[in-house]
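Remarks on the structure that follows.
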Amino acid sequence: MKHTTKLLMAALIAIAACKKTETPVIPEEEYFINEDPASFSEIGQIDIGETGAAEIAAYDSSTQKLFVVNNAVADDGDVNKIDVIDLKKPETPVLITSISMAPYGGAVNSLSVHEGKLAAAIQSVPKTNNGTVAILKTTDYTEIKAVTVGALPDMVTFSPDGKFILTANEGEPNADYSIDPKGSISIIDLANNYNVQTLFFDAFASQAAALKAKGFRVFGPSATPDFAANIEPEYITVASDSKTAWVTLQENNAIAKIDITGKAITDIFPLGFKNYAFPGHEIDPTNDDDQYVAATWNVKGVYMPDAIAITEHQGIPYLFTANEGDAREYETYEEAQRIGNKDIVLDAAAFPNATDLKKNSALGRLNITTTLGDNDGDGDYDELYSFGARSFSVWNGLNGTQVFDSKNELDRKAHEAQLYDDGRSDDKSVEPEGITTGKVGNTYVAFIGMERADAVAMYDITDPTQPRFLQIVATGDAPEGVLFIPAKASPTKKSLLIVSSEEDGVVKIYTPKTI
């Protein structure tokens, strides 16, 4: 009641100050609407193309436009463009125009918006060359600046204060692995004429052995892969004070910490492994029985997160990760194999029931990495490591310590909602990929997009160390982008969840009920 009274007083003061205007104006920072965070439902959608469309979206509150990556092949042959959608009426979004990004290079991988500026991360052709960030006006789409960043910028974001643009440059190798550029982080300083500083990971090469002992992965087709070239940054989140960022290194199973103002990589936090032998961590490892049958197994999961988001609570930055998993698959190098493959030999002491385990009805169908598990170098596997963790996790951003993991709850909730795809049980299950956080009414919420369940799960994270399940909603096919628009910035002045799906090109819009 005290909080409500304060808000009413603020509104009355604003009305008095604005009594000469036709409509009272409530300061945006005072805006509040009481919403039920467990009541999101779909209110609108728009189809913008086929496979490759609707990967990532960004919203500009000043123009009420939604910008969506569209890398599907268009009738005119354009395969790298940004679709602009009028979101004034989220129930009936309208395609306004498309911005061709062909002049800047290859596919658009990511978008971010801040105060009338749209930043687009664009890979080069070939992708092993340095990429580009194009900064455009959200009003007329004219160029403000185009800057060169590292190889294969996979994600771009503005710092909350709008002073910096950061990119995670994945630096993937080419198809035959003959060229493998260094993974990097680029920091663009807007106040300094968009000056770019690109950070590499060479300084951590001397720590390789210690990092690997904690679960960091450095691997490739050669016996001694180049450390800095082996790092593959994936996704970025930034602290509210715009001084620190954290970047997922997906294939490496780690999170890097970045000093933005000092323009330096300060830490690498290896994430370790998840043990599916523990109660609560049950998985379904086979995809050939058309049913969800979860059990504990003597297998570990490699977290390998894709998206990352931040919530700050009592002075601690809590990092939320979607533990998707990913395997390196190239023309000349593939790390994944099924346990049932004849080339996978299980150590007799570690797996006395190896013959039974290799059956399809047991672990035979499960994909594992061949880069881990042969602990004594004798050619057989003493441990088994699968891709991803089928979960989302929370980590202390100061030291990288895990404070929460959702265990097998995403699998269970998807199954209960009849959204679980058993055809993916052998690989990465529901495949948590996208994640974002926001405040709905009085509740802080995490939204987790699951690419193979075609769904988003929502959790109350008011206490970041004890997330609590709220609901799960169906989405389009293979949700890639999960975007939360707070009520104060929304065209409806209600919270909106925007989910863009890359397989069917559909953008869906959800909103909660008011209380």
Side-chain angles (χ1 to χ4, degrees), residues 48-49 52-63 65-74 76-85 95-159 162-172 181 184-199 233-236 238 245 247 260 480-481 483 500 502:
I48 65 168
E55 287 191 44
I56 297 294
Y59 174 71
D60 178 44
S61 60
S62 64
T63 59
K65 294 174 183 176
L66 188 70
F67 297 86
V68 185
V69 169
N70 189 338
N71 289 320
V73 178
D76 59 7
D78 191 3
V79 296
N80 52 337
K81 62 182 179 179
I82 299 170
D83 285 343
V84 185
I85 297 168
L95 179 65
I96 301 172
T97 188
S98 296
I99 310 168
S100 175
M101 304 305 287
Y104 297 102
V108 182
N109 290 325
S110 180
L111 301 173
S112 185
V113 166
H114 184 83
E115 294 185 351
K117 299 183 183 72
L118 169 68
I122 305 150
Q123 68 186 55
S124 185
V125 180
K127 68 175 183 178
T128 50
N129 288 350
N130 285 337
T132 299
V133 170
I135 301 101
L136 313 176
K137 293 180 181 178
T138 59
T139 50
D140 59 11
Y141 325 124
T142 55
E143 179 187 300
I144 298 172
K145 194 78 172 180
V147 298
T148 300
V149 293
L152 191 58
D154 201 37
M155 194 269 184
V156 64
T157 188
F158 281 90
S159 59
K163 294 180 179 179
F164 301 96
I165 298 172
L166 291 84
T167 61
N169 310 312
E170 193 166 8
E172 283 185 346
S184 60
I185 311 297
S186 292
I187 302 175
I188 304 169
D189 188 341
L190 277 65
N192 189 20
N193 194 31
Y194 292 84
N195 178 66
V196 184
Q197 186 159 338
T198 296
L199 313 177
E234 187 79 22
Y235 211 94
I236 307 171
V238 184
V247 182
I260 298 175
E480 176 89 5
L483 172 68
S500 43
E502 63 176 331

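Note that the structure is a prediction, hence the values are computed from the model and not measured. Throughout, numbering of the chain's residues begins at 1 and tracks the sequence.
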> Is there side-chain contact between Tyr235 and Val247, with heavy atoms separated by less than 4.5 Å?
Replying inline: no
>> Within this structure, what is the OG1-CD1 distance for the pair Thr97 and Ile82, rounded to the nearest 0.5 Å?
In response: 11.0 Å
> Using a distance-only test with no angle check, is there a side-chain donor-acceptor pair under 3.5 angstrom linking Asn70 and Asp83?
Replying inline: yes
> Is there a side-chain contact between Ile85 and Phe67 (heavy atoms, below 4.5 Å)?
Replying inline: no
>> Does any part of the side chain of Ile135, heavy atoms only, come nearer than 4.5 Å to the side chain of Leu118, both counted from C-beta?
In response: no
>> Can you see whether Ser186 engages Asn169 through a side-chain donor-acceptor pair at a distance of less than 3.5 angstrom?
In response: yes
>> What's the separation between atom OG1 in Thr167 and atom CG in Asn109, rounded to the nearest 0.5 Å?
In response: 11.0 Å
> What heavy-atom pair brings Tyr194 and Lys117 nearest, and what distance separates the two atoms?
Replying inline: OH-CE, 3.5 Å
>> Quick one: does any side-chain atom of Lys65 pair with a main-chain N or O of Thr139 as donor and acceptor, under 3.5 Å?
In response: yes
>> I'd like to check Leu66 versus Val68 (side-chain heavy atoms, cut-off strictly below 4.5 Å). Are they in contact?
In response: yes
> Counting N and O atoms only, with roles assigned by atom type, does the side chain of Asp60 sit under 3.5 Å from a partner on the main chain of Thr63, one being a donor and the other an acceptor?
Replying inline: yes
> Side chain of Asn195, backbone of Ile188: donor and acceptor closer than 3.5 Å?
Replying inline: no
> For residues Gln123 and Tyr104, is any side-chain donor paired with an opposing acceptor at under 3.5 Å?
Replying inline: no
> Can you tell me how far the CD1 atom of Ile185 sits from the CD atom of Gln197, to the nearest 0.5 Å?
Replying inline: 12.5 Å
>> Checking the side chain of Asp189 only, and the main-chain atoms of Ala191 only, is there a donor and an acceptor separated by less than 3.5 Å?
In response: yes
